[in-house]
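Labels below follow one simple rule: chain letters A, B, ... track the order of the sequence lines, proteins then strands, and each chain is numbered from 1.
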There are 2 protein chains.
Amino acid sequence: MPQLRSPSRSSAALATTQPEWLDTIIKGDCVSRMAALPAHSVDAIFADPPYNLQLGGDLTRPDQSKVDAVDDAWDQFESFAAYDAFTRAWLLAARRLLKPNGTIWVIGSYHNIFRVGAIMQDLGFWTLNDIVWRKSNPMPNFRGRRFQNAHETLIWASKDKDAKGYTFNYDAMKAANDDTQMRSDWLFPICTGGERLKDAEGSKTHPTQKPEALLARVILSSTRPGDTILDPFFGTGTTGAVAKRLGRHFVGIEREDSYIEAATDRLLSVEPLDADFLQTLTPKRAEPRVPFSSVVEAGLLPPGTELTDAKGRWQAHVRADGTIASSTGEAASIHRVGARVQGLDACNGWTFWHVRDGGRLRVIDELRQIVRERIAVSGA
Amino acid sequence: MPQLRSPSRSSAALATTQPEWLDTIIKGDCVSRMAALPAHSVDAIFADPPYNLQLGGDLTRPDQSKVDAVDDAWDQFESFAAYDAFTRAWLLAARRLLKPNGTIWVIGSYHNIFRVGAIMQDLGFWTLNDIVWRKSNPMPNFRGRRFQNAHETLIWASKDKDAKGYTFNYDAMKAANDDTQMRSDWLFPICTGGERLKDAEGSKTHPTQKPEALLARVILSSTRPGDTILDPFFGTGTTGAVAKRLGRHFVGIEREDSYIEAATDRLLSVEPLDADFLQTLTPKRAEPRVPFSSVVEAGLLPPGTELTDAKGRWQAHVRADGTIASSTGEAASIHRVGARVQGLDACNGWTFWHVRDGGRLRVIDELRQIVRERIAVSGA
DNA sequence: AGATAGTGTGAATCAGCGA
DNA sequence: GTCGCTGATTCACACTATC
């Protein structure tokens, strides 16, 4: 097996315990190969399963019986049933490998995505989004009998309904999109030009090679550096190439020797990006918790200081124990009092309350940030 | 029954043979009502079935106001199996009514569209396209836990694989789209403002009223004047209103009296129109939003590239996820970091940041323009 | 009258932690 | 497992109120 491993950065000390299948391509049928891997071992899955319902080689009927001459509708149903059985099998095997907070991405077109999506729901996957990949340069419809088929669909799902701890780099996606949240429709060109792998004769190595930009958004949005991403239909290894470049681990499963060969060469030439450029924004949720009392104790808001909302409609006073008291005399946390004066159920006191600082009002969240920075410096 | 009929243009001579249910709203359950209509009697079907949203508790906006959720009884199903049985029943009844060369449209979201699509395939419908309705003004994701759900999906299918004679007004669609083929992704605003039906108290009559522009494109693309369009989930009658305006016949089936009443009033006020309506079908947009990450992923600004302002006073470097980090270590969007290094509240990062290109500095807005040209798409 | 600021709202499967 | 508290979170428009 060629050395495809991305440098093991964050887990350098654990290198000896890294499973031997990490950052490799496993040859064989994906269902049986997935069954041989340990459960709960991958953080994310990206799957680009065969779309064509007539791919006999990829499909095995539940019973290997030969079907007599039947009418079209029945034959169609048979082939759908075979595709469904195949889909259920690989999705089940994939689900077993997924960590409880892992997520799965599956890409398809109208030929297969409805069946895949319904089976995913049946198996308990919980849809987070369906994403539309809008192709900026799709193939035209030559016969003029339909709309130009200009998109494909991705389904992004967590392992089950109650898995709330999945990774979604919301802040990074928003920052990357001019500070408005990333939508469910993505625009990318199809894979062409130098990115498209060609064989010696100049014909494309793989019929449906996906653009690296698409995989990059998938990986950057839903995984963290050091995570492991499984691709059970590895093909020419776009998932692995982007994962390696972005400091993630990968596992690929592929049956065809020619694809494995192309993917191996490709992966060897990928240089991981410097870790400095892979850092993503720290979600606010993950920042250290600072009690309001710490702001008081730090002297930034001495007891007795008057707080007010941004428009000066409500007032409260800071008390020594880290509670505040509204003018009506009710004392509680900054959040509770903020909610109560407005007559709401909830309120983020950090962004609601302000303090007069010279001529202007300053939101107390800035004071929390000062305390956080002091804590960081002291190495706490 | 009030007179809702559209003037019978092409079939004036046949007016005496026009069935009594044409251009009317039939009250009742759609499965049994469809069973009472003659087979092969409609040219097209537009169906907006319940989506089977499975909503948990309340959802509040950041300002603590409550989102008015779709919690109507008609959208509740006990299980996927119950939803599937319902779907199979109405699709079977609908298929019986469809003429051999008729087509069916079904709209849904990721909650239901996969199941609907799979069942349609099982019943023998032949998918012609899946169409993405991109909403120009979708509701945000308030908790930042997913991508903004900014689209819905329509499936367009013929009665069976061998039905080749269906109507598709290819040239009209192409002409309406600046003389390039109409794509499978359509951009329309959601139904708001004066078009949105309100009750006496000013609250929306129907929770999921669809925009007329969407129905107009459906009807203009796949039916001819004088055709009959069935809507088994008529609601407040958008399908009927647009059909009447465009010189088509309609049949609506609806259970709720309040919706029937609103639809009846609405239909009476519709005036049939000439087909210059086409022009409203292609909403013109300003230049498409290009995420900064797309410039990074396009290879124009590889991660690690140093950015600087026009005078070289401040520096930052590009990170893989589309954020940038200043030399002081602060990371955020190109706009935020630009603002912060200057000590300003806001900054247009596209025009502030430059990159060294040979000997000269090049503003990154030029790179955005390059990406725009690469991904130029009508209606983007 | 016209500009500006403020408010309302849409098919939504929308927390995490510690006690 | 439940309960309770902290505190994180919104885009594009249409419409209304105010200056």
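- For the pair B/Y51 OH and C/dT13 C1', the computed distance is 14 Å after rounding to whole Å.
- When the nearest nucleotides of DNA chain C are assigned to B/S65 and A/K164 by heavy-atom distance, the more 5′-ward of the two goes with B/S65.
- Checked against the 6.0 Å centroid threshold, A/W353 and A/F292 do not count as a close aromatic pair.
- Whole-Å rounding puts the B/F142 CZ to C/dT13 C1' distance at 15 Å.
- Counting any heavy atom pair closer than 4.0 Å across all strands shown, B/G194 reaches sugar-phosphate atoms only and no base atom.
- Residue contacts for B/D48: at a heavy-atom cut-off of 4.0 Å it reaches a base atom on one of the strands shown.
- Heavy atoms of B/T208 sit under 4.0 angstrom from at least one base atom.
- Neither OP1 nor OP2 of D/dT6 sits under 4.0 Å from any side-chain N or O of A/H335.
- Ranked by how close their nearest DNA chain C nucleotide is to the 5' end, B/G144 and B/D68 are led by B/D68.
- Residue contacts shown for B/G57 include a base, since a base heavy atom lies under 4.0 Å away.
- Computed from coordinates, the B/F80 CZ to C/dT13 P distance equals 13 Å when rounded to whole Å.
- Summarising the base pairing, D/dA12 is matched to C/dT9 through a Watson-Crick or G-U wobble pair whose two defining distances lie under 3.5 Å.
- Dashed line: the shortest gap from a side-chain N or O of A/R368 to OP1 or OP2 of D/dA8 is under 4.0 Å.
- Comparing the P positions of D/dT9 and C/dA11 gives an interatomic distance of 25 Å, to the nearest angstrom.
- A/C347 comes within 4.0 angstrom of a nucleotide base, judged by non-hydrogen atoms across all strands.
- In terms of modelled atom types and a separation under 3.5 Å, the side chain of B/Q209 and the main chain of B/L197 share a donor-acceptor contact.
- Between A/W105 and A/W156, a ring centre-to-centre spacing shorter than 6.0 Å is recorded.
- Residue contacts for B/P49: at a heavy-atom cut-off of 4.0 Å it reaches a base atom on one of the strands shown.
- C/dA11 atom P lies 7 Å from atom NZ of B/K210, rounded to whole Å.
- Pairing for D/dG4 is with C/dC17, a Watson-Crick or G-U wobble pair whose two hydrogen-bonding atom distances lie under 3.5 Å.
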Go through it in stages, so that I can follow the logic: the residues are B/R115 and A/D122, the test is salt bridge (Lys or Arg N to Asp or Glu O under 4.0 Å), and I'd like the CA-CA distance, side-chain angles, deciding distance and then a yes or no. CA-CA 10 Å; B/R115 318 196 73 82; A/D122 289 341; 2.6 Å; yes
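- Distances shown here put a side-chain N or O of B/R196 below 4.0 Å from the OP1 or OP2 atom of C/dA11.
- One finds no side-chain N or O of A/R285 lying less than 4.0 angstrom from the OP1 or OP2 phosphate oxygen of C/dC14.
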Might you work through the salt bridge (Lys or Arg N to Asp or Glu O under 4.0 Å) test for B/R183 and B/D185, ending with a clear yes or no? CA-CA 5 Å; B/R183 296 167 47 107; B/D185 54 327; 2.7 Å; yes
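- No cation-pi contact links B/R146 to A/Y166, judged by a cut-off of 6.0 Å to the six-membered ring centre and 45° from its axis.
- Between the C1' atom of C/dA12 and the CG atom of B/N149 lies a distance of 7 Å, rounded to the nearest Å.
- Between the side chain of B/R145 and the base of C/dT13, no donor-acceptor pair of N or O atoms lies under 3.5 Å.
- For A/S333, a side-chain nitrogen or oxygen approaches OP1 or OP2 of D/dT6 to under 4.0 Å.
- With rounding to whole Å, A/N348 atom CG is found 13 Å from D/dC5 atom C1'.
- Heavy atoms of A/Q181 sit under 4.0 angstrom from primed sugar atoms or phosphate atoms, though from no base atom.
- Look at the P atom in both C/dT13 and D/dG7: the space between them is 27 Å, to the nearest Å.
- Its glycosidic angle being more than 90° from 0, C/dT4 falls on the anti side.
- For D/dA12 and C/dC14, the P atoms lie 22 Å apart once the distance is rounded to whole Å.
- Counting any heavy atom pair closer than 4.0 Å across all strands shown, B/A150 reaches no nucleic acid atom.
- The nearest pair of heavy atoms linking B/T236 to B/R266 is O-NH1, 2.9 Å.
- Across all strands shown, the partner of C/dA3 is D/dT18, judged by Watson-Crick or G-U wobble contacts whose two distances both fall under 3.5 Å.
- Residue B/P138 is classed as a base contact, given a heavy-atom separation below 4.0 Å to a base.
- Between the side chain of A/W350 and the base of D/dT6, no donor-acceptor pair of N or O atoms lies under 3.5 Å.
- Listed pair B/R143 / C/dA15 meets the phosphate criterion, a side-chain N or O lying under 4.0 Å from OP1 or OP2.
- Note on A/K284: a side-chain N or O is less than 4.0 Å away from OP1 or OP2 of D/dT9.
- C/dG8 and D/dT10: their C1' atoms are spaced 13 Å apart (whole Å).
- The side chain of B/N141 contributes no N or O atom lying less than 4.0 Å from OP1 or OP2 of D/dT9.
- B/Q64 places its CD atom 13 Å from the P atom of D/dT9, with the value rounded to the nearest Å.
- For A/Y170 and D/dT10, the shortest distance from a side-chain N or O to OP1 or OP2 is below 4.0 Å.
- Side-chain nitrogen and oxygen atoms of A/K161 include none within less than 4.0 Å of the OP1 or OP2 phosphate oxygen of C/dT13.
- Protein atom CG of B/N52 is 14 Å distant from nucleotide atom C1' of C/dA12, rounded to whole Å.
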